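Notes follow the structure.
Only a predicted model underlies this, so the values are computations on that prediction, with no experimental measurement involved. Because only heavy atoms are used, hydrogens play no part in the values below, and waters and symmetry mates are left out as well, while side chains stay in.
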Amino acid sequence: MTTLDLIVLAVYFMVLIGIGLASMRIKKQEDFLLGGRSFGVILQTFAAFGAGTGSQDIVTTSRTTYDNGLSGMWSIFQLVFVTPFYWFYGIWFRRMRHLTLGDWFVERFQSKAMGVAYTVYSIAYMLTLLGLNFLAVGKVIGLLGGVAEINLPWFDITVQAEYVVIPTIGLVVTVYGVLGGLRAAYWTDLLQGVCIIVLSVILIPAGLNALAHEFGDPEAAGVMEGFRVLHQQLPAESFEIFGSSRTSLFTLPYVVAITLMGLLGVAVQPFLISIGGGSAKSENAARIGLMAGTFMKRLCTIGWAMTTLIVVAMTIDDATALTADPDGAWGVATQEILGPFRLGLVGLMAACLMAALMSSADCYMLAISGLVVRNVYAAYINPNASEKTYVLASRLAGIALMTAAVIVALWKDDLFEQVKMCWELPIIFIAPFWVGMFWRWTTKRAAWLTILFSTLAFFIIPSVLPMVMPSLAENTSYMATGEFVTTTTLRPASPADVARREGAIRLWRQDVGDWIKKVGPQTEQTLAEKFGPCPEKLELGKVFPDKFTTGGTPVYWQDGISVLNEGDIAEPLSKKHRVEVSRSKNGDTVVIHERIHPKHHLRGNGGFNITLLLYNAIGIDLTNLSKATLETMRYAMRLVLPFVVLILLSLITPRDDKQELDRFYVKMKTPVEPDPEADKAELAASYGNPSRFDNKRLFPFLGLEIQKFSFVDIAGFVVGFVICFSIIGLAVWLATLGS
């Protein structure tokens, strides 16, 4: 970073801290946790965008786009088809009239302990999400600063940059987060939201111009020439909206599965009760703000993905730029595109990434603070404390959460694996929330047993079973993998092929050189055994064998399969462990099918996908499926089973108290009045007549509590889907420009 970048960064932080200080008018929990429920459409919109757009979203999109091409944007973009449903979510969360979602579970299932269980889940979820955000921004800021390692003179040691950056950011977030509560978070969301939108867009034309000048026709340099060069530099697969199983995890079935996961799981995210409508002044502010802010994020996601493709094209002949750590793709993009301008833009991008983290972390911290204080401290320890004491306890709980999140960020290192964990953790409470919301026959006992089932079957048993049964990891019955399919096609080399080959040659030479420096001179045979032969130089237009291998995905083991040699020394699977099964030729294409040689002793690694055994039980063969298909089937089982378990158990367990259920459902049907006193009067009228809105039930039988839809409900939902397809159409259009 330049001096100007550092000045921009310092000024930005001063403004944010000033907002925090100006927002310290906090008298009670409602002020601290929900800003007094006083926010209109504009602040709710930028709250949904800002708090819902963490630094990890930008960095994760860059990482998965680097790995999978444009289809990688679905790692964050998967909620695009969920967004129209937010038109209803906003009303639900506003009509709950609670400070935390834990309060909702307590009320619906008449159990204070349910609030504790939800708090425990929420802490695990938010630690994962916060750790993910800290890790993302730590990786990128180190690249933006141009410093991979930092010397600590006090301790006379040198450490990776993120080990300094992450705790420092954590300290700043903690100090700032306890000052102004949700009001401060929302105002900073407004500020950083504008900056993220601008910088998400500005990188694209700047990057395309850079591509055009460096690789294109200087006389035709411009945005359209940049798009042409982009397609020249990258293979066609990089521009597929839905990837193929050859090139991408994000196939259409996989995207459908994670979309359903998001649709159901987002409702039980701990912070959604605030940005989802609980802090809004009115129902319209809640639903409009949530949907509009989330659509802004979807548009920005396309910008992040396109920016990553541009920087991949710019660095395609430099294999070391992103290969070492693809999580830093956004940092490389910023340096490559903005760095040469020396106008403080790199500092502004760093500030925006930090602000994205800070504003999101505020909401996360407040959600957990409220849960710990209301559903544990007030429920069991000090139920008669003053509002001042509860606010103080909330701040202390927030400090503890932030400290733990920093530790998690330094412990974990794979961004996308943590993203997938954030997708899956809500499964624990998905069924109780959704079935309990719309079916009054859902019982407390059934909900508890479903929570226990989901926790054990999907999280504890898969991790613990290989530990308590070590023999399972070497049981030949569970070593199933699909065939390895290697396809070789003879075709002329494109500019992208030549650039990638040059990068591969440089990387091979660098690896060999580093190894020789470390261990001393080596023979050519030794180097070839360790690194393989040096890739041959490729000339433009020369016919060469384009080879790629798919398949071989282990069915049951989450971290793959290793080969055990003498002395139980494990080594990763490689070509030498495979044996050819069949070979076919069609024109210039040769396809070879291989399997792991049966002579090898194998060991499974990581968690055991126990639920996939159910597919075997009903006669479905999983061995020749791609990784994307296996993941899709695993998600499908995790989504369906809890609902089946909850519904069946609710039919055989005693019903809950009818009077309490009447109060719960009539409250959820009672429209919110912006004036608190008028709203209290409406609630009193509803409690006095629980059947007040029964005429609005869509299915007045079997205990179903689904309400009839108004014209506004249907119109908003339809408009939401029109916007969805328009945004996807924009992505398709951008992907075809210059092709």
Side-chain angles (χ1 to χ4, degrees), residues 57 60-85 231 234-266 294-295 297-299 301-306 308-309 416-417 419-420 422-424 426-427 430 482-483 485 487 548-553 555 609 611-612 615 620-640 717 720-737 739:
D57 294 314
T60 299
T61 302
S62 297
R63 162 63 187 270
T64 52
T65 301
Y66 170 80
D67 286 339
N68 303 274
L70 190 58
S71 65
M73 70 181 182
W74 289 101
S75 62
I76 302 299
F77 198 65
Q78 93 273 17
L79 292 180
V80 65
F81 286 116
V82 177
T83 309
F85 293 89
H231 281 270
L234 300 178
E237 293 91 341
S238 296
F239 300 92
E240 294 177 348
I241 300 298
F242 296 104
S244 66
S245 58
R246 165 192 169 181
T247 59
S248 175
L249 174 65
F250 296 93
T251 60
L252 180 57
Y254 184 77
V255 169
V256 170
I258 62 177
T259 297
L260 290 174
M261 187 84 75
L263 173 64
L264 300 174
V266 72
T294 310
F295 274 133
K297 177 178 177 180
R298 308 299 171 237
L299 286 168
T301 304
I302 298 174
W304 305 333
M306 290 301 299
T308 304
L309 290 183
F416 189 49
E417 286 304 312
V419 168
K420 290 196 290 185
C422 288
W423 293 346
E424 296 185 38
I427 291 171
I430 279 177
E483 290 184 342
V485 182
T487 304
F548 63 89
T549 301
T550 60
T553 304
V555 173
N609 292 321
T611 51
L612 291 183
Y615 287 110
I620 297 177
D621 182 11
L622 303 177
T623 54
N624 282 316
L625 301 180
S626 67
K627 180 178 180 180
T629 304
L630 283 171
E631 284 289 278
T632 301
M633 297 181 75
R634 188 172 68 87
Y635 286 151
M637 190 65 72
R638 291 186 168 211
L639 281 173
V640 171
F717 188 68
F721 266 101
V722 170
I723 296 173
C724 283
F725 285 106
S726 299
I727 292 174
I728 292 175
L730 173 64
V732 172
W733 177 68
L734 288 172
T736 57
L737 280 179
S739 60

Q. Does the side chain of Thr65 come under 3.5 Å of the side chain of Thr308 through a donor N or O and an acceptor N or O?
A. no

Do [X] and [Y] touch side chain to side chain, with heavy atoms closer than 4.5 Å?
{"X": "Ile302", "Y": "Ile727", "value": "yes"}
{"X": "Phe717", "Y": "Pro84", "value": "yes"}
{"X": "Lys627", "Y": "Thr550", "value": "no"}
{"X": "Phe77", "Y": "Val255", "value": "no"}

From [atom1] ([X]) to [atom2] ([Y]), nearest 0.5 Å:
{"X": "Ile620", "Y": "Met633", "atom1": "CD1", "atom2": "CE", "value": "4.5 Å"}
{"X": "Gln78", "Y": "Met73", "atom1": "CD", "atom2": "CE", "value": "11.5 Å"}
{"X": "Ser75", "Y": "Trp423", "atom1": "OG", "atom2": "CH2", "value": "6.0 Å"}
{"X": "Trp304", "Y": "Thr60", "atom1": "CH2", "atom2": "OG1", "value": "9.5 Å"}
{"X": "Leu260", "Y": "Ile430", "atom1": "CG", "atom2": "CD1", "value": "10.0 Å"}
{"X": "Leu263", "Y": "Thr259", "atom1": "CG", "atom2": "OG1", "value": "8.5 Å"}

Looking only at heavy atoms, which two atoms of [X] and [Y] are closest? And how far apart?
{"X": "Pro426", "Y": "Gly265", "answer": "CB-O, 3.7 Å"}
{"X": "Leu79", "Y": "Gly262", "answer": "CD2-CA, 3.4 Å"}
{"X": "Ala628", "Y": "Thr251", "answer": "CB-OG1, 3.6 Å"}
{"X": "Thr632", "Y": "Ala257", "answer": "CG2-CB, 3.8 Å"}

Q: Please name all residues satisfying side-chain hydrogen bond (donor to acceptor under 3.5 Å, both in side chains) with Arg634, sequence neighbours left out, ordered by chain then number.
A: Glu424, Glu631

(Q) My understanding is that only one of Leu612, Asn609, Leu625 makes a side-chain contact (heavy atoms from CB on, under 4.5 Å) with Val555; could you say which? (A) Leu612

Q. Parallel, tilted or perpendicular: which describes the rings of Trp74 and Phe81, with under 30° parallel and over 60° perpendicular?
A. parallel

Q. So Phe239 and His231, would you call those rings parallel, tilted or perpendicular, with 30° and 60° as cut-offs?
A. parallel

Q. For Tyr615, which residues count as a ring pair (Phe, Tyr, Trp, His ring centres under 6.0 Å) partner, sequence neighbours excluded?
A. none

Q: Check the pair Leu730, Leu299 against side chain to side chain contact (heavy atoms under 4.5 Å, CB included), reporting the backbone distance first and the verdict last.
A: CA-CA 9 Å; Leu730 173 64; Leu299 286 168; 3.9 Å; yes

Q: Answer yes or no: is there a donor N or O on one side and an acceptor on the other, between the side chain of Thr487 and the main chain of Phe548, under 3.5 Å?
A: no

Q) Given Val266 and Phe85, is the side chain to side chain contact (heavy atoms under 4.5 Å, CB included) satisfied, shown in steps? A) CA-CA 11 Å; Val266 72; Phe85 293 89; over 6 Å; no

(Q) Run Tyr254 and Tyr635 through side chain to side chain contact (heavy atoms under 4.5 Å, CB included) and show every step you take. (A) CA-CA 9 Å; Tyr254 184 77; Tyr635 286 151; 3.6 Å; yes

